[in-house]
Amino acid sequence: MRSGALVVAGCAVATLLTPAVEASQSRAGTTDALLRLGTSTTVLRGAVAALPPTR
């Protein structure tokens, strides 16, 4: 019974972490492209600071 609870808890954690990792990887490609185009890191940081907070 206890091992079943651990499996459920492990799956729940994996479910929560997967979108966070995917979003981070998606943003990394966009950030790299903007930096290659010459966008300054100050502008990128300012854009992130202007975003509304996520839930």
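No experiment lies behind these values; they were computed from the predicted model shown.
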Identify each donor-acceptor pair in which a side-chain atom of residues 14-29 lies under 3.5 Å from a protein atom, sequence neighbours left out, and give them as a table.
residue: T15; atom: OG1; partner: C11; partner atom: O; Å: 2.8
residue: T18; atom: OG1; partner: A14; partner atom: O; Å: 2.7

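Cluster note: L35 groups with L34, L44 through ILVMFWY side-chain heavy atoms spaced under 4.5 Å, whether in direct contact or through intervening members.
Among V43, T41, V48, the single residue meeting the side-chain contact (heavy atoms from CB on, under 4.5 Å) criterion with R45 is T41.
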